[in-house]
There are 2 protein chains.
Amino acid sequence: MPKLTLWTAIRDAIAADIAQGAYHSGEKLPREADLAQRFGVNRHTLRRALHDLVAQGTLTSRRGAGFFVAAQPTRYEIGQAPQFTRDIQQSGRFAEKRADRIEVRQATALEASLLNGAQNVVVFEGTGLIDGVPVSWFSSKFDADRFPDLAQLFSEKPSVSRAWKELGITVHRSRTDINACNADSLMAQRLAVPAGRALLKTIAVDADENGQPVEYGESWFVGDRLTLSLSS
Amino acid sequence: MPKLTLWTAIRDAIAADIAQGAYHSGEKLPREADLAQRFGVNRHTLRRALHDLVAQGTLTSRRGAGFFVAAQPTRYEIGQAPQFTRDIQQSGRFAEKRADRIEVRQATALEASLLNGAQNVVVFEGTGLIDGVPVSWFSSKFDADRFPDLAQLFSEKPSVSRAWKELGITVHRSRTDINACNADSLMAQRLAVPAGRALLKTIAVDADENGQPVEYGESWFVGDRLTLSLSS
DNA sequence: ACCTATTTGTACGTATGTATT
DNA sequence: CAATACATACGTACAAATAGG
C-alpha cells in the first residue's frame, strides 16, 4: 500500500487504529504533539491528517479540548419508518417543522419559469426536526397570486400538506432531482453539523391534479441522519 | 455576518465571486500568488480558503495547472429500467462502465436474504465514467446458481442490462434507498475525488417480472458530478 | 469566581517536491 | 528543457477555547 504522502499515510494509520478499536467512540485521541512525535512528523503534517478525518466525519475536534472519535451516526433502518420516508419523498414534508421565514416577494426568472409564470411567490423556509434534532432545511416557493392565503396559513401552522388540504388542492410529485453536496458554512449552521458534511439535496416540483406546478422546493437533508426510500 | 477568521472571509468572498458569475464554470482562477496578494494574506492562508472550496465541491485543482470552477452535474434519470450507459448517452455525453472485479463467492447472510435465499453470488464491481471522468462506483450481487453464466457475460462486456437481455430476463426497480455520505479514503481513490467529498449512495434491489429479486446493488455517485432525477 | 496551564486554531515564513505548460 | 504553479513539509508565533486547581 504505497502512500504517496506522509499525511495520507498518517490519516490512514489513524483511521485503521479507530477501525480496529484502538480508540472507542467518543474517546479522546492523544494530543497533537504526542501524535506528531509518535509518527515523527511536524505538528502541521499531523494536523493535515486529522483535518481530513474530521472532514470525513470520522473525528470531531474541540478547540482547547482535543480530538475525539465521532459518535456512531444514528441511522434509520430501511423500511422501519415508512410514513416518514414517504413524506420525505414528497419534498421534505414533515409533521414537525419549524418555520424560519415566511415572506412574499417578486419571483425570480427561475421561479417564474417553474411555477407557470408566477409573478410573485410565497417563500416558506424552515427546519425539519426529529426528536429535536434538525435533519433537514427546506426552502419552498408557491404562486402568491394564485394562493394569496398561503402565507397566513403557514404562519398559523408550518405544514404544507395541511395548507393544501385547507385550500382543497391535491398535489403530487412532478419531478425530483437528487444529488449530494458538502455543507457550506451557512447550511452547516442551520443543520448543526460541521461544515463539509455530506448532505442530500433535493429539488422538487409538485403539481396539482391538472399537472399545473404549484410548489417548487429545495431541501437539504443530513446524509447520515436519514435515508430516502423509493418503492415501486 | 460571521467573518471570524481571515480564511473564512476569503473563502466566502471567492464563493460570492463565483456565485455572481465573476468566474464561469470550468474557468481557471488567478494563481495562488495573485489571489494572496489581492487579499493581502500569506499564500497558506489563501490556500486554506481554496482548500475549503475544493472540499465543498465549488472548485477543483490540478497540480501544476491551477484552480478551476467545478463543472455542473450531469442528470441521471431513475426510470423503471436501470440503464446507466444508455441514459447518460442520450444526454449527449460519452458514458462507459469499467469492470474492476468479477467473482463468484458464497453469499453473506444479508445477500442471501435480499436475493431470495441465494447460496452463492456473482459479484460485479466497477466504475462508471462520463467523458472519461469517474462518476460512480458500484458493487452488484446476483444469484450465482440461478444465473451461472453471468460472470462470463460480464467479463465479455461490463453491462448489466445487456446481460439480462442475453438471458431473456426483464428487470425493473423494486426498491431504491438513497442517502449521502462523505467519501472515505478508499472510495475517494476509486472516484478520484478528495476524501470527505459528498457522495450519493444508493442501495437498490431489482426484480424480474415475477417480482423475484435478481440483483442487489450498492452504488456511490460523486455528488457534484451527477444528479439523480425522479419523474412521475 | 478567577487564574493558569493546556490544547487546538490561525497566520505567516521558508524550502523543496512534482505535475503541468 | 525551462518556467510556471500547485503540493507537501518543516518551522515560529500568537490567539482562542477549554480544563483543572
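Throughout, protein chains are lettered first and strands after them, A, B, ... in sequence-line order, and every chain is numbered starting at 1.
Contact of the B:Y23 side chain with the B:F68 side chain is not registered, since no non-hydrogen atoms from C-beta on lie closer than 4.5 Å. With contacts defined as side-chain heavy-atom distances shorter than 4.5 Å, the pair B:R101/B:F124 does not qualify. When side chains are defined from C-beta on, B:R190 does not count as touching B:W220, because their heavy atoms never get closer than 4.5 Å. The shortest distance between side-chain heavy atoms of A:V104 and A:V121 does not fall below 4.5 Å.
For A:F68 and C:dT7, the CZ to P distance is 11 Å, given to the nearest whole Å. Rounded to an integer number of Å, the gap from A:L53 CG to C:dT8 P is 14 Å. Atom-to-atom, CZ of A:R11 to P of D:dT8 comes out at 10 Å; the value is rounded to the nearest Å. Rounded to a whole Å, the NE2 atom of A:H51 is 17 Å from the C1' atom of C:dT7. Here C:dG13 presents its P atom at 18 Å from CZ of B:R48, a figure rounded to the nearest Å. Distance, B:L29 CG to D:dA5 P: 13 Å, rounded to whole Å. When the C1' atom of D:dC6 is taken as reference, atom CG of B:L59 falls 13 Å away, rounded to whole Å.
The residue B:R47 sits close to a base: some heavy atom pair falls under 4.0 Å.
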Distances under 3.5 Å between nitrogen or oxygen atoms of protein and nucleotides 9-12 of chain D:
unit_1: D:dA9; atom_1: OP1; unit_2: A:L6; atom_2: N; d: 2.6
unit_1: D:dA9; atom_1: OP2; unit_2: A:W7; atom_2: N; d: 3.3
unit_1: D:dA9; atom_1: N6; unit_2: B:H44; atom_2: NE2; d: 3.1
unit_1: D:dC10; atom_1: OP2; unit_2: A:N42; atom_2: N; d: 3.1
unit_1: D:dC10; atom_1: OP2; unit_2: A:T45; atom_2: OG1; d: 2.4
unit_1: D:dG11; atom_1: OP2; unit_2: A:N42; atom_2: ND2; d: 3.1
unit_1: D:dG11; atom_1: O6; unit_2: A:H44; atom_2: NE2; d: 3.4
unit_1: D:dT12; atom_1: O4; unit_2: A:H44; atom_2: NE2; d: 2.6

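Under 3.5 Å, the side chains of A:T8 and A:R48 contain no donor-acceptor pair of N or O atoms.
For DNA chain D, none of the residues of residues 30-37 of chain A falls under the heavy-atom distance limit of 4.0 Å.
For A:R62, no side-chain nitrogen or oxygen approaches OP1 or OP2 of D:dA17 to under 4.0 Å.
Of the candidate nucleotides D:dA17, C:dG17, D:dT18, C:dG17 has the atom nearest to the side chain of B:R63.
The minimum heavy-atom distance linking B:G66 with B:K28 is given by the pair CA-CE, 3.9 Å. In terms of heavy-atom proximity, A:A112 sits nearest to A:A107 at N-CB, 4.2 Å. For the residue pair B:R38 and B:D17, the shortest heavy atom distance occurs at NH1-OD2, 3.8 Å. For A:I203 against A:E218, the heavy-atom pair with the smallest separation is CG1-CG, 4.2 Å.
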